[in-house]
Each structure stands twice: as C-alpha cells, then as structure tokens.
2 protein chains.
Amino acid sequence: MKQSKRRRLEAKGWKFGSAKEFVNLTDEDVEYIELHLSLATLLKKRRQSLGYTQTEVAALISSSQSRVAKMEAGDPTVSVDLLIRALLALGVNRRQVGRAMGAALPA
Amino acid sequence: MKQSKRRRLEAKGWKFGSAKEFVNLTDEDVEYIELHLSLATLLKKRRQSLGYTQTEVAALISSSQSRVAKMEAGDPTVSVDLLIRALLALGVNRRQVGRAMGAALPA
DNA sequence: TCTCAATATGTCAGAACTGATATATGTATG
DNA sequence: CATACATATATCAGTTCTGACATATTGAGA
C-alpha cells in the first residue's frame, strides 16, 4: 500500500499496533478505515444536501454536535454503528449505506 | 411493516423502547436490524464455505467461540463493527460487505 | 476589525460492547 | 449408551464508545 495513503489515514488519528516510529497497518485495517471514512464522507454530504447543521442532526439522533463533528471527521473513536445509525436517521437506506461503504475515497 | 417480520426480529432478542405489551420499532430501527442480520448471515456462510469452525474464526480475529456464535446468531450485543472486522478477516472486501448489507434477508 | 453562527477539539463519567469462561445443547460415530 | 467435537447460551470484569460539556477555531457579514 501507498505511503501517501498511510499518511492520509494516520493524520485522522488512526493508530494501530506499536506506534514505534512507524505504524504497521494490515490490509484489513486499511480496508476498515477506508470503509469508515467512506461513511463519514457520505454523512457530511447528506447532511449538507439536506441543509442541516451538525446541531440539528445531533438532535435528530439524540447525540451532540461535538460527536457529529467527530463522525464527519472520521474520528477513530466513532463506531461504524453510530455512523450507520446517523445515516439511517437522515433517510439513507441500507442499500445506499452499503453502496457507500464500497465506494472509493475522495483524494 | 409486517407482523411476521417484527416477530422474526424480536425472536433474536432485539428490543426497542418501551417493551410494554408491544414493541414499537421505527423503520430506521428495522433497517438497522436487518442490516445487522444480513452481515451475520454472510459471516456464517463465509465461514462455512471456508470450512472453518467457530473456534478457528475466533482465533483469527482474537475473539472467542462464544462471541462468534453470537455474531452469527444476530445477537443484539454484537456490534456492526465487530461483524465487519470479522468479515474482513475472512477475506471479504469492503465492497462485498457493502453489497451484503443491502441484500434481502433469507426468509 | 468585531460578532455570531457553525464547526472542531479535548475531556470524562456512565453506558455499551468485548473476550473469557463455564456450561448446555446438539449431532455424529463407535 | 458414551465419547468427542461443534455450536449455543449465560455471566461478568475490563475495555471501548457515548453524550454532554467546555472551549477553541473557522468563516461570513457588517
């Protein structure tokens, strides 16, 4: 896997295994992170296309603005479960969620 | 939504809101549960097609046989994150995971 | 520049999830 | 039937995730 891709992911705060000098991501790890980021990206796009603020979305899903911000930022402390629940709350169906999961990441 | 579908889901142990007399699932809740069960089904099929036991899969993903059993059974205490990580560990890529998420449930 | 709404970042107690363990229930084979 | 292996179910302490809160940063208008 590409160095550039690693750095892009690490910048979000993702860290695996021994963070000694250099992170060692397996292909599965990368697959998981990219999937996570794909959902984060969709959430942000969906919210914006609906014209909602993060605060409004937070209310919709009984969460908080700060957590919605973290969701959209691809923060590692946010679970895929939460991302999916947020998307469903914004009217995305599971087929669309699945589609997004497999989509290529924006550069 | 159909009564039969509700009962099928409730049987797995899924409960929402006030369990007073009758469960009240929103469409989003159902969408989430079905997505969850779709992944559980894929995991079981994938494991079986690879000829692994639950114990072997557990070792692969640093988990336990009992948790793998719960994963495959669609137990509500299993997160979608864990299901996805298990699938990735069995060589399913994120596109395939996404595809499965949107698939119709077996009757 | 100042203001203000939106978004981002850091922290933490409580809630949810996890692996481990024990044990029960299959389900074959001898 | 017993033994053996696979799977299911229950429980629980330790870990992770969560909403809430505080605060910082950004961006657009006046």
Side-chain angles (χ1 to χ4, degrees), chain A residues 8-17 19 28-29 32-33 35-37 39-90, chain B residues 8 10-19 28-29 32-33 35-37 39-90:
Chain A
R8 178 156 49 80
L9 297 175
E10 288 165 21
K12 296 271 187 181
W14 291 89
K15 282 179 183 106
F16 285 80
E28 293 160 42
D29 290 335
Y32 178 80
I33 296 172
L35 173 161
H36 190 148
L37 292 181
L39 296 182
T41 300
L42 174 59
L43 177 61
K44 181 163 196 166
K45 275 201 292 199
R46 178 74 181 179
R47 174 180 65 80
Q48 289 176 334
S49 79
L50 291 174
Y52 289 142
T53 65
Q54 291 180 345
T55 303
E56 288 169 330
V57 170
L60 271 178
I61 62 177
S62 301
S63 184
S64 60
Q65 178 271 321
S66 66
R67 188 137 292 271
V68 173
K70 287 177 215 281
M71 288 184 215
E72 293 183 356
D75 188 301
T77 73
V78 173
S79 71
V80 168
D81 291 72
L82 188 60
L83 283 167
I84 290 175
R85 284 183 185 281
L87 287 166
L88 294 176
L90 294 188
Chain B
R8 179 157 46 82
E10 287 165 23
K12 296 271 187 182
W14 291 90
K15 285 183 181 102
F16 285 79
S18 65
E28 294 159 41
D29 290 335
Y32 178 81
I33 296 172
L35 174 161
H36 191 147
L37 292 181
L39 296 182
T41 301
L42 174 59
L43 178 61
K44 182 164 196 166
K45 275 202 291 199
R46 178 76 179 177
R47 174 181 65 82
Q48 289 176 333
S49 79
L50 291 173
Y52 289 142
T53 64
Q54 291 181 345
T55 302
E56 288 170 331
V57 169
L60 271 178
I61 63 177
S62 302
S63 184
S64 59
Q65 177 270 323
S66 66
R67 189 138 292 270
V68 174
K70 285 179 213 285
M71 287 185 215
E72 294 184 355
D75 188 301
T77 73
V78 173
S79 71
V80 168
D81 289 71
L82 187 61
L83 283 167
I84 290 175
R85 285 183 185 280
L87 287 167
L88 294 176
L90 293 188

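Lettering of chains follows the sequences in order, A, B, ..., and the numbering in each one begins at 1.
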Using a 3.5 Å cut-off and no angle test, enumerate the donor-acceptor pairs between side-chain atoms of residues 57-67 of chain B and protein atoms at least two apart in sequence or in another chain.
residue, atom, partner, partner atom, Å
B/S64, OG, B/S66, OG, 3.3
B/Q65, NE2, B/Q54, OE1, 2.9

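Residue B/K44 places none of its side-chain N or O atoms closer than 4.0 Å to OP1 or OP2 of D/dA6.
Nucleotide C/dC17 holds its P atom 13 Å from the CD1 atom of A/I84, rounded to whole Å. Per the geometry, CD belonging to A/Q54 stands 15 Å off C1' belonging to D/dA20, to the nearest Å. Distance A/L43 CG to C/dA8 P: 11 Å, rounded to the nearest Å. When rounded to the nearest whole Å, the span between CG of A/D75 and C1' of C/dT7 equals 14 Å. For the pair B/L83 CG and C/dA16 P, the computed distance is 19 Å after rounding to whole Å.
For B/R46, the salt bridge (Lys or Arg N to Asp or Glu O under 4.0 Å) criterion is met by no residue, not counting sequence neighbours. Partners of B/Q48 under the side-chain contact (heavy atoms from CB on, under 4.5 Å) rule, at least two apart in sequence or in another chain, are B/K44.
Considering all non-hydrogen atoms of both residues, A/A40 and A/L83 come closest at CA-CD2, 4.1 Å. A/V80 and A/Y32 get closest at one heavy-atom pair: CG2-OH, 3.4 Å. Minimum interatomic distance between B/A86 and B/M71 (heavy atoms only, all atoms of both residues): CB-SD, 4.0 Å. Residues B/L43 and B/E72 share a closest heavy-atom pair of CD2-CG, 4.1 Å. Considering every non-hydrogen atom in both A/L37 and A/G74, the closest pair reads CD2-CA, 3.6 Å. Shortest non-hydrogen contact noted between B/D75 and B/T77 is OD1-N, 2.7 Å.
For the helix from C/dT1-D/dA30 to C/dG30-D/dC1, the rotation axes defined at the first and last 5 base pairs enclose an angle of 40°, given to the nearest 10°.
Salt bridge absent: A/R47 and A/E56 never bring a charged side-chain N and a carboxylate O closer than 4.0 Å.
Side chain of B/H36 to backbone of B/S79: no donor-acceptor contact under 3.5 angstrom is found.
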What pairs of nitrogen or oxygen atoms, one from the protein and one from nucleotides 18-27 of chain C, lie under 3.5 Å apart?
residue, atom, partner, partner atom, Å
C/dT18, OP1, B/S79, OG, 2.5
C/dT18, OP2, B/T77, O, 3.2
C/dT18, OP2, B/S79, N, 2.9
C/dG19, OP2, B/S63, OG, 2.8
C/dG19, N7, B/R67, NE, 3.0
C/dA20, OP2, B/S63, O, 3.2
C/dA20, N7, B/S64, OG, 3.2
C/dT21, O4, B/S66, OG, 2.6

_Annotated protein contacts, base or backbone, on nucleotides 24-30 of chain D with a non-hydrogen cut-off under 4.0 Å, one of B, S, - each_ = -------
